[in-house]
Student: 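Attaching a single structure in structure tokens format; questions to follow.
For reference, positions follow the sequence shown, starting with 1. Not measured: the values here are computed from a predicted model. FYI, side chains are in, hydrogens and waters are out, and symmetry mates aren't considered; it's all heavy atoms of this structure.
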Amino acid sequence: MWIPDSRTLYLIIFVSNFFLALILLIYWKTQKTYDGFQIWMASLMVITPGYLLLLLRDYVPDILSVVVANLLIAFSVIMWVDSTRRYFRSKTLPREVYGVLFLIAALYLYFTYVADLITVRSMILTALIAPCLLVSAYFALEAREPGDPAAQALFCRVPFCSCIAHGFPEHFLAYHH
């Protein structure tokens, strides 16, 4: 049975996100969109180079392929929460929430250059992604207007499934670099 390596997975994710971001950019420029759409689209444009840098691991310096790549992914996750809040509540996240990126940067620098522990690095991103997805689901559940029930279900079910599934691939890939 063929099992894809991490580079193949990152290539697939990079290409998928690149084309999705391109399509959404065209859609945003030509169609009326809802509050939060622009930042959600921008989050895809932020995460795409992050996956490209992960793909280039061993070809570019660790500061790019580990620290910057994971910071871009973390930034895009926070942007996704912000876009969800904007969509359901028409409110932006407080700027202070984005300040967690400084802590994440410091942790990635430490666990890359001082104590090189890939397992801890994967747990850092998981520790950010899981609560962010749950907060996004909360925004959907607490929406003031009923809106589209399918959108609410999507925003509630996907984060819970992702929280369960996210830990396994991150830790699996961490041991197969």
Student: In sequence, state the C-alpha distance, the side-chain angles, and the governing distance for Phe75 and Ile104, and then conclude on side chain to side chain contact (heavy atoms under 4.5 Å, CB included).
Tutor: CA-CA 10 Å; Phe75 182 43; Ile104 291 171; over 6 Å; no

Student: So do the side chains of Thr119 and Met123 get within less than 4.5 Å of each other, counting heavy atoms only?
Tutor: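 The answer is yes; the side chains approach within 4.5 Å.
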
Student: Starting at CZ of Arg85, measure out to CG of Asp35 and round the result to the nearest 0.5 Å.
Tutor: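 The distance works out to 11.5 Å.
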
Student: Please check if the side chain of Arg7 supplies one atom and the backbone of Leu54 the other of a donor-acceptor pair under 3.5 Å.
Tutor: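 Judged by distance alone, no pair lies under 3.5 Å.
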
Student: Quick check: does any side chain N or O of Arg86 sit under 3.5 Å from a backbone N or O of Lys91, one acting as donor and the other as acceptor?
Tutor: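 Flag not set: sc Arg86 to bb Lys91 has no pair under 3.5 Å.
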
Student: Report yes or no: do Val114 and Tyr108 belong to one cluster of Ile/Leu/Val/Met/Phe/Trp/Tyr joined by side chain heavy-atom distances under 4.5 Å?
Tutor: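 Yes, Val114 connects to Tyr108 through the hydrophobic network.
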
Student: Does Leu117 belong to the same Ile/Leu/Val/Met/Phe/Trp/Tyr cluster as Leu128, with side-chain heavy atoms less than 4.5 Å apart forming each link?
Tutor: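 Yes, same cluster.
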
Student: Just verifying a value: how many Å separate Tyr59 OH and Ser65 OG, rounded to the nearest 0.5 Å?
Tutor: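 Reported value, rounded in 0.5 Å steps: 12.0 Å.
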
Student: With heavy-atom distances below 4.5 Å as the criterion, would you say the side chains of Cys132 and Val135 are in contact?
Tutor: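 A side-chain contact is absent here, since even the closest heavy-atom pair is not under 4.5 Å.
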
Student: Count I, L, V, M, F, W, Y as connected when their side-chain heavy atoms are under 4.5 Å apart, and connections chain through other members. Are Leu103 and Leu101 then in the same cluster?
Tutor: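 Yes, Leu103 and Leu101 fall within the same hydrophobic cluster.
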
Student: Keeping Thr112 on the side-chain end and Leu109 on the backbone end, is there a donor-acceptor pair under 3.5 Å?
Tutor: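 Side chain of Thr112 to backbone of Leu109, a donor-acceptor pair under 3.5 Å: no, none is there.
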
Student: If hydrophobic clusters are built from ILVMFWY residues whose side chains come within less than 4.5 Å, do Ile12 and Leu22 share one?
Tutor: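 No; tracing contacts between hydrophobic side chains, which count when under 4.5 Å, never links both residues.
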
Student: Please examine the side chains of Ser16 and Ile13, heavy atoms only from C-beta on, and report whether any two atoms are closer than 4.5 Å.
Tutor: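 When only atoms from C-beta onward are counted, Ser16 and Ile13 do not touch, as no gap falls below 4.5 Å.
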
Student: What about Ile124 and Val100, same hydrophobic cluster or not, with Ile/Leu/Val/Met/Phe/Trp/Tyr joined at side-chain heavy-atom distances under 4.5 Å?
Tutor: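 Yes, Ile124 and Val100 fall within the same hydrophobic cluster.
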
Student: For the rings on Tyr27 and Phe37, is their centre-to-centre separation under 6.0 Å?
Tutor: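 Judged by ring-centre distance (under 6.0 Å), Tyr27 and Phe37 do meet the cut-off.
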
Student: Just one of Asn70, Asp116, Leu107 clears the side-chain contact (heavy atoms from CB on, under 4.5 Å) bar with Arg121, so which one?
Tutor: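 With Arg121 as partner, side-chain contact (heavy atoms from CB on, under 4.5 Å) holds for just one option, Asp116.
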
Student: Could you go through the side chain to side chain contact (heavy atoms under 4.5 Å, CB included) check for Trp28 and Thr33 one step at a time?
Tutor: CA-CA 6 Å; Trp28 173 64; Thr33 59; 3.7 Å; yes

Student: Any idea which heavy atoms bring Ala69 and Gly50 closest together, and the distance?
Tutor: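 Reported closest heavy-atom pair: CB-O, 3.4 Å.
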
Student: Please determine which of Thr48, Leu71, Ile47 meets the side-chain contact (heavy atoms from CB on, under 4.5 Å) test together with Ser76.
Tutor: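 Considering Thr48, Leu71, Ile47, a side-chain contact (heavy atoms from CB on, under 4.5 Å) with Ser76 is found only for Ile47.
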
Student: State, to 0.1 Å, how close Leu93 and Val97 come at their nearest heavy-atom pair, and which atoms those are.
Tutor: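 For Leu93 and Val97, the tightest heavy-atom pair comes out as CD1-CG1, 4.1 Å.
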
Student: For a 4.5 angstrom cut-off between non-hydrogen side-chain atoms, does Leu56 reach Tyr10?
Tutor: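 Leu56 vs Tyr10: side chains apart.
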
Student: Just how far is it from atom OG of Ser6 to atom CG of Leu55, taken to the nearest 0.5 Å?
Tutor: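 Here the interatomic distance stands at 9.0 Å.
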
Student: Could you measure the distance from the CG atom of Leu20 to the CG atom of Leu44? Nearest 0.5 Å is fine.
Tutor: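 Answer for the CG-CG pair, Leu20 versus Leu44, is 5.0 Å.
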
Student: Within a strict 4.5 Å, meaning less than it, do heavy atoms of the Phe139 and Arg89 side chains meet?
Tutor: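 Phe139 vs Arg89: side chains touch.
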
Student: What's the shortest heavy-atom distance between Gly36 and Ser83, and which atoms?
Tutor: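 For Gly36 versus Ser83, the nearest heavy atoms are O-CB, 3.2 Å.
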
Student: Passes side chain to side chain contact (heavy atoms under 4.5 Å, CB included), Tyr51 versus Ile73? Steps please.
Tutor: CA-CA 8 Å; Tyr51 283 118; Ile73 293 168; 4.0 Å; yes

Student: When rounded to the nearest 0.5 angstrom, what distance separates CH2 in Trp80 from CD1 in Ile39?
Tutor: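 Between Trp80 CH2 and Ile39 CD1, I get 13.0 Å after rounding to 0.5 Å.
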
Student: Begin with the C-alpha distance, continue with both residues' side-chain angles, and end with the deciding distance and a verdict on side chain to side chain contact (heavy atoms under 4.5 Å, CB included) for Leu9 and Asp5.
Tutor: CA-CA 7 Å; Leu9 293 174; Asp5 64 327; over 6 Å; no

Student: Identify the two heavy atoms, one from Met79 and one from Val46, that lie closest to each other, and give their separation to 0.1 Å.
Tutor: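 Looking at all heavy atoms of both residues, the closest pair is SD-CG2, 3.8 Å.
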
Student: Is the NZ or CZ atom of Lys32 positioned over Tyr34's six-membered ring, under 6.0 angstrom from the centre and within 45° of the axis?
Tutor: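 Yes, Lys32 and Tyr34 form such a contact.
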
Student: Do Leu53 and Leu72 come close enough that some side-chain heavy atom pair is under 4.5 Å?
Tutor: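 Contact flag for Leu53/Leu72 side chains = yes.
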
Student: Would you mind reporting whether Tyr98 and Asp82 have side-chain heavy atoms less than 4.5 Å apart?
Tutor: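 Sidechains of Tyr98 and Asp82: in contact.
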
Student: Under 3.5 Å, is there a donor on one side chain and an acceptor on the other for Tyr113 and Asp62?
Tutor: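 There is no such pair (donor and acceptor under 3.5 Å, judged by atom type) between the side chains of Tyr113 and Asp62.
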
